[in-house]
Amino acid sequence: QVQLVESGGGLVQPGGSLRLSCAASGSIFSIRDMAWYRQAPGKQRELVAHITNGGSTDYADSVKGRFTISRDNAKNTVYLQINSLEPEDTAVYYCNAAIRRADYRAYVWYWGKGTLVTVSS
C-alpha cells in the first residue's frame with residue numbers, strides 16, 4: 001500500500017506564511033510527478049502547483065510569486081512554501097503524486113487526505 005500524509009496546515013493571519021509537507025510511504029518503487037491541489041469551501045478542487053521528478057515546476061496564476069513547490073526525492077516528500085497568505089487562500093490543501101509501486105509497473109495517482117489552511121485575522 002501507498003500513503004500520502006500532509007502536514008503543516010493551520011490558522012494564520014493575512015500576510016503570514018506556512019510550509020506544507022507531504023510524505024509518501026509504503027511499497028514505493030519511484031515517484032514521478034508531485035502536486036498540490038486545494039479546495040475552498042463551496043468550490044471545486046484546483047491545481048495549485050506541480051513539480052516533475054526532474055524539478056521543473058508550474059503554478060496556478062493566482063499563486064505565482066507567493067507559493068513555491070519543492071521536493072526531496074530521498075525522503076519521498078513534497079513541500080509547499082506559501083507566503084503572503086490571503087483570506088482567499090483558505091482551503092484544504094491536498095497532495096497528489098504519481099507513484100509506481102514495487103509490485104506494479106504502471107504509475108498510479110494517489111491522494112492524501114488533506115490539511116486545512118485557514119487565513120483569518
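We number each residue from 1, following the sequence as shown. Quantities reported herein were computed from a predicted structural model and do not represent experimental measurements.
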Can you tell me how far the [atom1] atom of [X] sits from the [atom2] atom of [Y], to the nearest 0.5 Å?
X: Arg38; Y: Leu80; atom1: CZ; atom2: CG; answer: 9.5 Å
X: Asn76; Y: Gln3; atom1: CG; atom2: CD; answer: 13.0 Å
X: Gln81; Y: Arg66; atom1: CD; atom2: CZ; answer: 12.0 Å
X: Glu46; Y: Gln44; atom1: CD; atom2: CD; answer: 10.0 Å
X: Asp89; Y: Ser62; atom1: CG; atom2: OG; answer: 7.5 Å

Could you tell me if the side chain of Ile69 sits less than 4.5 Å from the side chain of Tyr59, heavy atoms only? yes

Quick one, Trp36 and Asn96 - any side-chain contact, counting heavy atoms below 4.5 Å? no

Checking the side chain of [X] only, and the main-chain atoms of [Y] only, is there a donor and an acceptor separated by less than 3.5 Å?
X: Thr90; Y: Val119; answer: yes
X: Arg101; Y: Ala106; answer: no
X: Ser120; Y: Thr118; answer: no

May I ask whether [X] and [Y] are part of the same hydrophobic cluster, defined by side-chain heavy atoms of I, L, V, M, F, W, Y residues being less than 4.5 angstrom apart, directly or through others?
X: Leu4; Y: Val108; answer: yes
X: Leu85; Y: Tyr79; answer: no
X: Tyr110; Y: Tyr104; answer: yes

Please name all residues satisfying side-chain hydrogen bond (donor to acceptor under 3.5 Å, both in side chains) with [X], sequence neighbours left out, ordered by chain then number.
X: Asn53; answer: none
X: Arg45; answer: none
X: Lys64; answer: Asp61

Val63 and Val48: which non-hydrogen atoms are nearest, and at how many Å? CG2-O, 3.6 Å

Any chance CD of Glu86 has more than 12 other-residue heavy atoms, nucleotides or ligands included, within less than 6.0 Å? yes

Who else is in Tyr37's hydrophobic cluster (ILVMFWY, side-chain heavy atoms under 4.5 Å, direct or via others)? Leu47, Val92, Tyr94, Trp111, Leu116

Review item, side-chain donor-acceptor pairs of residues 5-34, under 3.5 Å, at least two apart:
residue: Glu6; atom: OE1; partner: Lys113; partner atom: N; Å: 3.1
residue: Glu6; atom: OE1; partner: Gly114; partner atom: N; Å: 2.9
residue: Glu6; atom: OE2; partner: Cys95; partner atom: N; Å: 2.8
residue: Glu6; atom: OE2; partner: Gly114; partner atom: N; Å: 3.1
residue: Ser17; atom: OG; partner: Asn83; partner atom: OD1; Å: 3.0
residue: Ser30; atom: OG; partner: Tyr107; partner atom: OH; Å: 2.6
residue: Asp33; atom: OD2; partner: His50; partner atom: NE2; Å: 2.7

Go through the structure and list residues passing salt bridge (Lys or Arg N to Asp or Glu O under 4.0 Å) with Arg100, not counting sequence neighbours. none

